[in-house]
Number of protein chains: 2
Amino acid sequence: MAAVESDDSATTAGSTLGYALLSLLTRGPATGYQLTQQVKAPLGHFWTARHSQIYPELARLAAAGWVDSVEQAGPGPRAKKTYAITASGLAALRAWLVIPPTAQPRSEITLKAYAATSADPAAMAAVYIDLAERSARLLAEYEQDAERMRAAGQDDPVHPRFGNFAVLMMGIESQRAVHRWARWLAACLRTGHPVAYGEPPAD
Amino acid sequence: MAAVESDDSATTAGSTLGYALLSLLTRGPATGYQLTQQVKAPLGHFWTARHSQIYPELARLAAAGWVDSVEQAGPGPRAKKTYAITASGLAALRAWLVIPPTAQPRSEITLKAYAATSADPAAMAAVYIDLAERSARLLAEYEQDAERMRAAGQDDPVHPRFGNFAVLMMGIESQRAVHRWARWLAACLRTGHPVAYGEPPAD
DNA sequence: AGTTGACATGTCAGAAGTTACATAGTGAGG
DNA sequence: CCTCACTATGTAACTTCTGACATGTCAACT
């Protein structure tokens, strides 16, 4: 029996990005480029990464034995690498999923609201009116996506892409929350008086 | 007339954390320690920083001329430094406030939902039941805070701490969103069937 | 007398994330 | 023919953020 060569994948701790990539790979094998595209929607509503972060992370996952890769000589200057999740990668993902998450979200829009009274009220109201408009557009877009998914049966928890639907539902909730809040805040700043929350802005 | 010594504060770009600290300092002068306490609530619901990040950032803000500091010899091994925002710091903050924010929020809880079907449904449902309970507790806490603030007139946009109230309102919206979503998701995972969103979970 | 926790400020190593640099083939439109 | 966009993978420099190390006083509790 050979000496122990390394302490192996079982003890390797992964980064959040690593688990995000493993999650994407549960949908099937993909190249780094495809993963870069896939972190745009719906995952991108709550997690983003550039290709410059994804490629090195895939190399780390491969070193840990959590993904396998096969190279195909392609047209470009480098060979195309297709990654697939391994049994130990899936086990690691499963173990991570059931750990109750504690990380607090970070929101620049809310941070700006904290100092809202330091800026010109009209200019600041414009910022939140703009935000309300953007969130309304996103909301409409997300609701169309949700309709399409429901028609495809993705709202069923046994559907392999149910996770896409679940993330989209959170996107809808979030945009609704942002929309209501931004409208209220804009009304406050515009009128200069307290506005009851949830009240329709009487213009 | 002396030669130009530096390109000065006017051209200095600040980090988001720098602006967060300036926002806190609009409430009045504070020490690094006090700022560390103040990024806990309500700002901490949407932006956090450790003291190891705050002290160097304050030094950078001072170098840019955006804050002033006075030292008082204290009891500890080092002198206590009290920081105050300067006129150019306030101008920089005002300029930053009206830039429409674009940064997407990051949420680990939503990321886990993306891969929810890879884990044991019962274990995963427990994660979201726990999340629903935590968000309900936070919501109750935030609503009490909001009541206290309303009683103190902080819901008036002319109140100097209106920003605290605005941030808290977003906290309430967010926790409501998380609560509804987590309950829905837990019901989906528990029953193994599609659950209409917003439906009360008939247990 | 000893311990714990709050006050108070800092540094350092490393992880995580962004921006820019670098390379190169294919197909569509002007 | 030229440019542009898309495919495809990587590196390097830099900023941001976390966790651990480091120091020292004072008041309350045991």
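Naming: A, B, ... by sequence-line order, numbering from 1 per chain.
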Nearest listed nucleotide, side chain of B:Tyr33, among C:dT18, D:dC17, C:dA6: C:dA6

Earlier contact from the 5' end, DNA chain D, for B:Arg60 and B:Ser52: B:Arg60

Atom-to-atom span, CD of A:Gln37 to P of D:dT7 - whole angstrom: 6 Å

Kindly list each side-chain donor-acceptor pair under 3.5 angstrom involving residues 164-178 of chain A, sequence neighbours excluded, with atom names and distances?
residue  : atom : partner  : partner atom : Å
A:Asn164 : OD1  : A:Arg27  : NE           : 3.2
A:Asn164 : OD1  : A:Arg27  : NH2          : 2.6
A:Glu173 : OE1  : B:Arg180 : NE           : 3.4
A:Glu173 : OE1  : B:Arg180 : NH2          : 2.9
A:Glu173 : OE2  : B:Arg180 : NE           : 2.9
A:Glu173 : OE2  : B:Tyr197 : OH           : 2.7
A:Ser174 : OG   : A:Met170 : O            : 3.0
A:Arg176 : NH2  : A:Glu143 : OE2          : 3.0

Side chain of B:Tyr55 - closest among C:dT9, D:dT18, D:dC17: C:dT9

Residue A:Arg161 excluded, over 12 heavy atoms near CZ under 6.0 Å: no

Close residues, residues 18-32 of chain A, relative to DNA chain D [heavy-atom separation under 4.0 Å]: A:Thr31, A:Gly32

Donor-acceptor contact present, side-chain A:Thr26 to main-chain B:Ala115, <3.5 Å: no

d(CG, B:Leu61; C1', D:dT16) in whole Å: 14 Å

Separation of atom CD in A:Glu57 from atom C1' in D:dT11, rounded to whole Å: 16 Å

Sugar-phosphate, base or nothing in reach of B:Arg50, heavy atoms under 4.0 Å: sugar-phosphate

A:Pro42 backbone acceptor or donor facing A:Tyr142 side chain under 3.5 Å: no

Beyond-backbone contact of A:Tyr114 with B:Tyr19, side-chain heavy atoms, under 4.5 angstrom: no

Of the listed nucleotides D:dA20, D:dT11, C:dA8, the one nearest the side chain of B:His51: D:dA20

Nucleotide D:dA8, atom C1' - distance to CD of A:Gln34 in whole Å: 10 Å

Which nucleotide in C:dG10, D:dT11, D:dC17 has an atom nearest any side-chain atom of A:Pro56: D:dT11

Atom pair distance, as rounded to whole Å: CD in B:Gln72 and C1' in D:dT25: 16 Å

Flag for A:Arg50-A:Thr36: side-chain donor and acceptor within less than 3.5 Å: no

Protein-nucleotide distance (A:Lys40, atom NZ; D:dT7, atom C1'), rounded to Å: 12 Å

Under-4.0 Å side-chain N/O to phosphate OP1/OP2 contact, A:Gln53 with C:dT18: yes

Touch class at under 4.0 angstrom, heavy-atom based, for A:Arg106 against every strand present: sugar-phosphate

Distance, rounded to the nearest Å, where A:Ile54 contributes CD1 and C:dT19 contributes P: 14 Å

Sugar-phosphate only, base, or nothing, as touched by B:Ser15 at under 4.0 Å among non-hydrogen atoms: sugar-phosphate

Listed partners of B:His179 passing ring pair (Phe, Tyr, Trp, His ring centres under 6.0 Å), at least two apart: none

Length of the NZ-C1' vector between A:Lys80 and C:dA24, whole Å: 15 Å

